[in-house]
Amino acid sequence: GADQDVWDNRSAVRINGRDKVSDPVRGAGAAAGNSLSTAGAGEGLDMGDLGRSTHMVVLNDDLFDEIEFDAARTGDHRRAALRMNHLAATAEQAGSMSRAEAYMRAGDQWLLADEPAIAAERFELAMAEGGTTFADPRAPLARALFALGRRDEGQALIRELDNQGRGKSDPRTCDLIAELLAEQGDMDGALHWATAGADECRRRGDRAELRLLLSLRYRIRNDLGLPEDDYDRLLDELTADAGEGPRLRPARPAGGTADN
């Protein structure tokens with residue numbers, strides 16, 4: 001349905017709203033029990049006809065945004081993932097985009113292509129690279145592990161983020177974890193992360209991300225049967241200020257189950 005489409009393509013819609021998280025913990029993927037892939041550009045994968053260029057390509061957001069928008073339009077996330085793999089491994093790192101972020105965005109596309117094992121390798125490579133990323137790589141890695149049926153390892157990563165406090169200091173990471181836990185049916189955990197993200201947005205004065213987190217939190221709270229609170233009233237204020245109807249995301253994807 002429409003809600004599912006919005007949910008599935010949310011990463012493409014919010015490309016330009018990415019905040020950056022500096023220097024995620026190197027090697028934190030050890031909690032997932034995986035050795036890092038040696039396939040920087042997708043070694044062993046059929047790269048297909050991705051085009052050839054005689055000049056050096058520099059990693060940059062505009063290039064990756066274009067690939068993501070094209071994938072959202074065509075639905076060919078595998079091709080997008082292959083292109084990003086190649087760029088992450090071979091393009092020059094000379095601008096604002098880190099190689100770690102390039103691997104993360106490739107991993108996002110592998111998840112959308114229903115290839116969680118390859119996605120997990122990309123997120124682990126991002127963690128090994130270090131550098132600035134739009135969220136802590138352990139958040140999408142946890143999603144990949146859940147998709148692989150390795151729930152205990154995914155939960156261990158989430159607990160690690162929670163215990164360190166690092167994840168809760170970044171709204172985008174909180175958003176990703178809250179969405180993941182809501183999809184898995186852990187609504188109490190989802191509420192915890194959505195609230196932490198909203199609090200951090202308020203501290204930073206980030207109204208755009210705050211509204212997204214509050215809309216998610218509203219649906220989670222409704223699912224839990226909890227009464228209206230100050231966070232809901234703040235969402236109403238932000239909605240009124242924007243002059244629009246409330247943008248309320250589903251706490252779980254339409255048609256999804258806790259086993260997905």
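All values below were derived from every heavy atom in this structure, side-chain atoms included, with hydrogens, water molecules and symmetry-related copies excluded. Quantities reported herein were computed from a predicted structural model and do not represent experimental measurements.
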(message) Between the side chains of Arg138 and Asp136, is the shortest nitrogen-to-carboxylate-oxygen separation below 4.0 Å, so that they form an ion pair?
(response) yes
(message) On a heavy-atom basis, which atom in Ala100 and which in Thr133 lie closest, and how many Å separate them?
(response) CB-CG2, 3.7 Å
(request) Quick one: list whatever passes side chain to side chain contact (heavy atoms under 4.5 Å, CB included) with Asp229, sequence neighbours left out. (result) Arg217, Arg221, Tyr231, Asp232
(message) Under a 3.5 Å distance rule, please check whether Ser98 uses its side chain to pair with a backbone N or O of Thr132 as donor and acceptor.
(response) yes
(message) Quick check for you: to the nearest 0.5 Å, what is the distance between Leu141 atom CG and Arg150 atom CZ?
(response) 8.0 Å
(message) Looking at every heavy atom in both Pro140 and Met104, which two are closest together, and how far apart are they?
(response) CG-CE, 3.8 Å
(request) Answer yes or no: is there an ion pair linking Asp162 with Arg159, defined by an N-O contact shorter than 4.0 Å? (result) no
(request) Looking only at non-hydrogen atoms, find the nearest pair between Pro171 and Cys201 and report the distance. (result) CB-SG, 3.4 Å
(message) Between Trp110 and Asn85, is there a side-chain heavy-atom distance shorter than 4.5 Å?
(response) yes
(message) Whether Arg233 and Asp230 form a salt bridge (side-chain N of Lys/Arg under 4.0 Å from carboxylate O of Asp/Glu) is what I want to check.
(response) yes
(request) Side-chain contact test, heavy atoms from C-beta onward, threshold under 4.5 Å: evaluate it for Leu214 versus Leu210 and give yes or no. (result) yes
(request) Please round to the nearest 0.5 Å and tell me the distance separating atom CZ of Arg79 and atom CG of Leu82. (result) 8.5 Å
(request) Check whether any side-chain N or O of Arg99 sits under 3.5 Å from a backbone N or O of Ala88 as a donor-acceptor pair, and report yes or no. (result) yes
(request) Please tell me if the side chains of Leu112 and Gln109 come closer than 4.5 Å, counting only heavy atoms from C-beta onward. (result) yes
(request) May I ask you to decide whether Arg105 forms a salt bridge with Asp65, counting only side-chain N to carboxylate O separations under 4.0 Å? (result) yes
(message) Less than 4.5 Å apart, side chain to side chain, heavy atoms only: is that true for Ile67 and Leu87?
(response) yes
(message) Check whether Thr195 reaches the backbone of His192 with its side chain - one donor and one acceptor, N or O, closer than 3.5 Å.
(response) no
(message) I want to check something: taking the side chain as every heavy atom from C-beta on, are Phe64 and Asp108 in contact at a cut-off of under 4.5 Å?
(response) no
(message) Could you report the tightest heavy-atom contact between Leu216 and Glu179, atom names first, then the distance?
(response) CD2-CG, 3.8 Å
(message) So, taking the atom named CG in Leu180 and the one named CH2 in Trp193, what distance separates them when rounded to the nearest 0.5 Å?
(response) 10.5 Å
(message) Let me check something: do Met97 and Val58 share a hydrophobic cluster, defined by ILVMFWY side-chain heavy atoms less than 4.5 Å apart, either directly or through other members?
(response) no
(message) With rounding to the nearest 0.5 angstrom, report the CG to CG distance, Leu213 to Asp175.
(response) 4.5 Å
(message) Do Glu101 and Asp61 make a side-chain contact, defined as non-hydrogen atoms from C-beta onward lying under 4.5 Å apart?
(response) yes
(message) Testing Ile158, Leu176, Asp188 one by one against Leu181 for a side-chain contact (heavy atoms from CB on, under 4.5 Å), which residue passes?
(response) Ile158
(message) Can you tell me how far apart CE (Met187) and CG (Leu226) are? Round to the nearest 0.5 Å.
(response) 10.0 Å
(request) Run the numbers on Glu200 and Asp170 for side-chain contact (heavy atoms from CB on, under 4.5 Å), then give the verdict. (result) CA-CA 7 Å; Glu200 181 62 20; Asp170 174 64; over 6 Å; no
(message) Please find the pair of heavy atoms, one from Leu161 and one from Ala139, that lie closest to each other, and give the distance.
(response) CD1-N, 4.2 Å
(message) What's the separation between atom CD in Glu68 and atom CZ in Arg83, rounded to the nearest 0.5 Å?
(response) 11.5 Å
(request) Taking all non-hydrogen atoms of both residues into account, name the closest pair between Ala147 and Pro116 and its distance. (result) CB-CB, 3.7 Å
(request) Compare all side-chain heavy atoms of Phe123 with those of Leu145 and state whether any distance is below 4.5 angstrom. (result) no
(request) Before giving the answer on side chain to side chain donor-acceptor pair (under 3.5 Å), spell out for Gln184 and Arg143 the whole-Å C-alpha distance, their side-chain angles and the decisive distance to 0.1 Å. (result) CA-CA 10 Å; Gln184 300 299 318; Arg143 174 178 289 279; over 6 Å; no
(request) Please lay out, stage by stage, how Tyr103 and Glu124 fare under the test side-chain contact (heavy atoms from CB on, under 4.5 Å). (result) CA-CA 9 Å; Tyr103 279 126; Glu124 289 179 333; over 6 Å; no
(message) Taking the side chain as everything from C-beta on, heavy atoms only, tell me whether Tyr218 gets closer than 4.5 Å to Glu228.
(response) no
